[in-house]
Asker: 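I am attaching a structure below and will ask some questions about it afterwards.
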Protein chains: 2
Amino acid sequence: MSVGRETRLSAWIERFAAHFAEEGIPLIGGRILGYLLVCQPVERTAAELSQELEASSGSISTNLKYLVNVGLVTKRTRRGRQAAEYRINEKAWSGFVQRKLDAIASVQVLTEDGMRLLSGDPERAMRLRTVDHLYGWLSAELPALWERRPASPK
Amino acid sequence: MSVGRETRLSAWIERFAAHFAEEGIPLIGGRILGYLLVCQPVERTAAELSQELEASSGSISTNLKYLVNVGLVTKRTRRGRQAAEYRINEKAWSGFVQRKLDAIASVQVLTEDGMRLLSGDPERAMRLRTVDHLYGWLSAELPALWERRPASPK
DNA sequence: CGATGATTTCAGTGTCGACCGAAGGGGATC
DNA sequence: GATCCCCTTCGGTCGACACTGAAATCATCG
């Protein structure tokens, strides 16, 4: 007897959430993301998410607030409906990734400052220089790479 | 009365450690990295680090073990010296950064699996497809970018 | 082989953050 | 304006992890 598609999707959502948990996103936040990426229909209320993901209403609320804040989820309210509907904002994902790349390259600000502090002593600055050059290169190339990013498929 | 260079370097080390603390590296580990990048002479014993950074011997030991493990610090023992000497391995920094980039691109494995699970339903796969394309592009371009990385300065 | 000096191990402490669930507040409908 | 949901807020619990300091371990030298 085969495992149903929904069951396999649940397992996939869990893997998805686990990955982002390692990057500091709360487990429940990751589950919401994974779920909203594949659910049908695309919009869900907080109460539905709470039930589907077996998480407390408080956790759902907190995490939705966070996800809406970073732009990955969109909140929609409708007249005549007390329940707000949430959906994934997949277009915002590139901004999300871009922030990660920026975070890596931003170390260059630090290494640059360090080089300045050691400017009178080239010998002593050698170790930092190696690191600074690496980040300097990244700071130049990553934004350039990002420019060449193709538009998302229609 | 001006602030001495060493004082400013201490402040810089603290900023350096704070940055990597946000990325999950323990504060003391970050301090060790920053300190070993700029100290003179370049090699230090665990006891010296403990004193300079005002951290317990246990913390220093744990963090050095971790940093040696990921390759950012090199341990050297010498005959006739009971104290091992540690120094920064600035050449390993590129591997450190590369692992970060790989971690970002590795999401493509997840999105790809998800696409497979939704293969029978293109409509439903649309949201994931947008995300998958982004990571697919990254998975292709980041390694290519890395190839063009220049050697560190002599 | 014992003494010495250094490092590693380990149990204990404190902090921080995710999560829960009950209480409170805000709309919408009647 | 009363009722009914739904969402958010908030106190409390739990587990994870960084850090400490003392004890155990290890290496060197006399």
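Letters A, B, ... are given to chains in the order of the sequence lines, protein chains preceding strands, and every chain is numbered from 1.
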Asker: Got a salt bridge between A:R127 and B:E90, using NZ or NE/NH1/NH2 to carboxylate O under 4.0 Å?
Answerer: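 No salt bridge links A:R127 with B:E90.
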Asker: Between B:L49 (CG) and C:dT8 (P), how many Å, whole number?
Answerer: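 Taking atom P of C:dT8 as the reference, CG of B:L49 is at 11 Å.
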Asker: Please report the end-to-end axis angle for the helix from C:dC1-D:dG30 to C:dC30-D:dG1, five pairs per end, rounded to 10 degrees.
Answerer: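 Computed angle between terminal axes is 10°.
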Asker: Closer than 4.0 Å, any side-chain N/O of A:S59 to the OP1 or OP2 of C:dC19?
Answerer: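 It does not, given that no N or O in the side chain of A:S59 lies less than 4.0 Å from OP1 or OP2 of C:dC19.
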Asker: How are the rings of B:F96 and B:F20 set to each other: parallel, tilted or perpendicular (split at 30° and 60°)?
Answerer: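 Answer is tilted, since the angle falls between 30° and 60°.
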Asker: Could you state the atom-to-atom distance from CD of B:E85 to C1' of C:dT7 in whole Å?
Answerer: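 Rounding to the nearest Å, CD of B:E85 and C1' of C:dT7 are 14 Å apart.
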Asker: Round to a whole Å and report the spacing from CD1 of A:I28 to P of D:dC14.
Answerer: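 So the two atoms are 17 Å apart, to the nearest Å.
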Asker: Between B:Y86 and B:R76, is any side-chain donor less than 3.5 angstrom from a side-chain acceptor?
Answerer: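 Side chains of B:Y86 and B:R76: no pair found under 3.5 Å.
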Asker: To the nearest Å, give me how far apart CD (B:Q51) and C1' (C:dT7) are.
Answerer: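 Rounded to whole Å, this separation is 16 Å.
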Asker: State whether A:R124 and B:E6 are salt-bridged, where the test is any N-O pair (Lys NZ or Arg NE/NH1/NH2 against Asp/Glu carboxylate O) under 4.0 Å.
Answerer: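 Yes, A:R124 and B:E6 are salt-bridged.
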Asker: Relative to the 5' end of DNA chain C, which residue comes earlier, A:S57 or A:I25, by the nucleotide with the nearest heavy atom?
Answerer: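 Comparing both residues, the 5'-ward one is A:I25.
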Asker: Does B:D113 come within less than 4.0 Å of B:R116, counting only side-chain N to carboxylate O?
Answerer: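 Looking at B:R116 together with B:D113, the answer is yes, because their closest N to O distance falls below 4.0 Å.
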Asker: Can you tell which of D:dT20, D:dC7, C:dT7 lies closest to the side chain of B:T45?
Answerer: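 Shortest atom-to-atom distance from the side chain points to C:dT7.
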Asker: Would you say that A:L37 contacts A:F16 through its side chain, given a criterion of any heavy-atom pair below 4.5 Å between the two side chains?
Answerer: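 Answer yes - side chains close enough.
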Asker: The side chain of A:P26 lies closest to which of these nucleotides: C:dA18, D:dC7, C:dA6?
Answerer: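 Nearest to the side-chain atoms of A:P26, counting from C-beta on, is C:dA18.
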Asker: Has B:K75 got a side-chain N or O lying under 4.0 Å from the OP1 or OP2 atom of C:dT8?
Answerer: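 Answer is yes, contact under 4.0 Å.
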Asker: Identify the heavy atoms of B:K100 and A:I104 that sit nearest to each other, and give their distance.
Answerer: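 Minimum heavy-atom separation between B:K100 and A:I104: CB-CD1, 3.7 Å.
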Asker: Which nucleotide, C:dT7, C:dC19, D:dT20, lies nearest any side-chain atom of A:L27?
Answerer: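 The answer is C:dC19.
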Asker: How many Å lie between CZ on B:F20 and C1' on D:dA18, as a whole number?
Answerer: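 The answer, rounded to whole Å, is 19 Å.
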Asker: Hey, can you pull the residues of residues 60-71 of chain A with a non-hydrogen atom under 4.0 angstrom from DNA chain C?
Answerer: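 Contacting residues: A:N63.
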